[in-house]
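Read through the structure below, which is laid out as structure tokens, and then see the notes.
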Amino acid sequence: MEREELLALMAELESDRVERTVSTSDTDKFARAICAFSNDMPRHRLPGYLFVGVSDDGVPAGIDVTDRLLQNLAAIRSDGNVQPLPVMNVQRLETPQGGVAVVEVLPSDLPPVRYKGQVWIRVGPRRAIANESEERSLAERRVDLARTWDARPCRGASLDDLALDLFAVGYRLHAVAREVIAENNRSLEEQLAALRFFDLRSGGTTNAAVLLFGKDPLFFVPGAYVQYVRYEGTTQAYEATRDR
């Protein structure tokens, strides 16, 4: 977006595509905003914008937009707390009142997007945690948008072909915030669909579900195998472990 367009958008009232904040260190707030824009609940299919260093009335607060601030904002994309990874751009915008950091977030093709296990959306000018109906709508939208093999229904597979305890007491506890699980009133199919393991339209499991939780994955995916890399430490910055 051109500079003049960004300035005009920054000066407008907050909406489901615009959020402003004077804080330069509230990473949780930034990440929730990025998550909400990624989910694009109103289905604009247009980018959302987070303006850092701007007051509620649209006036820049005159912050010092340093390289460190821009790097910290960009790091939200890949720190692992927002999943699937958002598509975003970070830039500095110069105004007569001082600098502004702008985060442009593109709508995700793989909703629902979660921040620390919670699905955040925009409801007009405010952020909120998606309710069951909203999360279901996002999960169904993913099926429409997804073109990857893992998100497609696995022909002939049903819930009976899955070891559901692996999902309930294993994967789900790591993928979804515990408070969300405690308040969960959805069916098992809806819970699986929210994590892209069940196709509500066809009524069957996805290929990813069969590979992760299938009792006999090779029956449905002949020739499937697991490939992985083991590192010496807790990040990819460490050396890869060689087979001994």
Side-chain angles (χ1 to χ4, degrees), residues 31-32 34-41 43 77-87 106-121 128-229:
R32 289 168 184 162
I34 291 168
C35 177
F37 287 137
S38 294
N39 279 317
D40 185 29
M41 191 68 208
R43 206 162 191 169
R77 173 191 171 277
S78 55
D79 66 5
N81 288 317
V82 181
Q83 292 288 342
L85 298 183
V87 180
L106 277 62
S108 174
D109 288 339
L110 301 171
V113 179
R114 301 173 185 274
Y115 172 59
K116 292 185 177 178
Q118 293 181 315
V119 178
W120 290 88
I121 61 172
I129 297 175
N131 60 35
E132 294 176 21
S133 297
E134 291 163 338
E135 194 169 330
R136 185 185 305 116
S137 175
L138 290 171
E140 292 172 350
R141 189 184 305 176
R142 178 189 176 105
V143 176
D144 292 335
L145 296 171
R147 293 294 182 268
T148 57
W149 177 85
D150 64 297
R152 297 172 187 165
C154 182
R155 292 179 179 269
S158 67
L159 291 181
D160 292 336
D161 297 301
L162 303 183
L164 295 173
D165 56 326
L166 294 178
F167 169 75
V169 301
Y171 186 94
R172 185 180 62 168
L173 295 178
H174 296 284
V176 181
R178 292 183 180 274
E179 55 266 32
V180 174
I181 296 175
E183 298 172 358
N184 200 338
N185 296 314
R186 292 172 295 176
S187 66
L188 180 61
E189 289 87 346
E190 290 170 335
Q191 294 179 49
L192 287 163
L195 294 168
R196 304 171 294 280
F197 296 131
F198 192 83
D199 179 14
L200 292 172
R201 290 191 174 184
S202 67
T205 64
T206 63
N207 290 313
V210 169
L211 288 177
L212 286 174
F213 315 120
K215 297 175 183 176
D216 186 8
L218 292 178
F219 178 82
F220 297 99
V221 191
Y225 63 93
V226 175
Q227 186 175 27
Y228 69 93
V229 177

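Heavy atoms only: backbone and side chains are in, while hydrogens, waters and symmetry mates are out.
A distance of 11.0 Å separates CD in Glu134 from CD1 in Ile129, rounded to the nearest 0.5 Å. One finds the OG1 atom of Thr205 at 5.0 Å from the CG atom of Leu162 (value rounded to the nearest 0.5 Å). We find the OH-CG distance between Tyr171 and Leu192 to be 10.5 Å, quoted to the nearest 0.5 Å. Atom CZ in Arg155 sits 9.5 Å away from atom OG in Ser202 (nearest 0.5 Å). Rounding to the nearest 0.5 angstrom, the gap separating the CG atom in Leu138 from the CG atom in Leu110 is 12.0 Å. Here Gln118 contributes atom CD and Arg32 contributes atom CZ; the two are 7.5 Å apart, rounded to the nearest 0.5 Å.
Glu132 and Glu183 make their closest contact through OE2-O, 4.3 Å (heavy atoms, listed as atom of the first residue, atom of the second, distance). Across every non-hydrogen atom of Ala139 and Ala193, the tightest pair is CB-O, 3.5 Å. Residues Asn207 and Trp149 approach most closely at ND2-O, 2.8 Å, considering heavy atoms. Between Pro84 and Pro112 the shortest heavy-atom distance is CD-O, 3.8 Å. Considering every non-hydrogen atom in both Lys116 and Ala177, the closest pair reads O-CB, 3.8 Å.
Distance alone, capped at 3.5 Å, places no donor-acceptor pair between the Glu140 side chain and the Ser137 backbone. Panel note: side chain Lys215, backbone Asp160; a donor-acceptor pair is recorded below 3.5 Å. Between the side chain of Asn39 and the backbone N or O of Val113, at least one donor-acceptor pair lies under 3.5 Å. Panel note: side chain Asp79, backbone Asn81; a donor-acceptor pair is recorded below 3.5 Å. Not a single donor-acceptor pair under 3.5 Å links the side chain of Glu189 to the backbone N or O of Gly203.
Inter-residue side-chain proximity for Leu195 and Phe167 is flagged as met; some heavy-atom pair is nearer than 4.5 Å. The side-chain heavy atoms of Leu173 and Ile181, taken from C-beta on, include a pair separated by under 4.5 Å. Annotation: side chain of Arg77 is not in contact with side chain of Val82 (no heavy-atom distance under 4.5 Å). Taking 4.5 Å as the limit, every side-chain heavy atom of Phe198 sits out of range of all side-chain heavy atoms of Leu188.
Checking Val221, Asp150, Thr206, Val226 one by one against Leu211, the side chain to side chain contact (heavy atoms under 4.5 Å, CB included) holds for a single residue, Val221.
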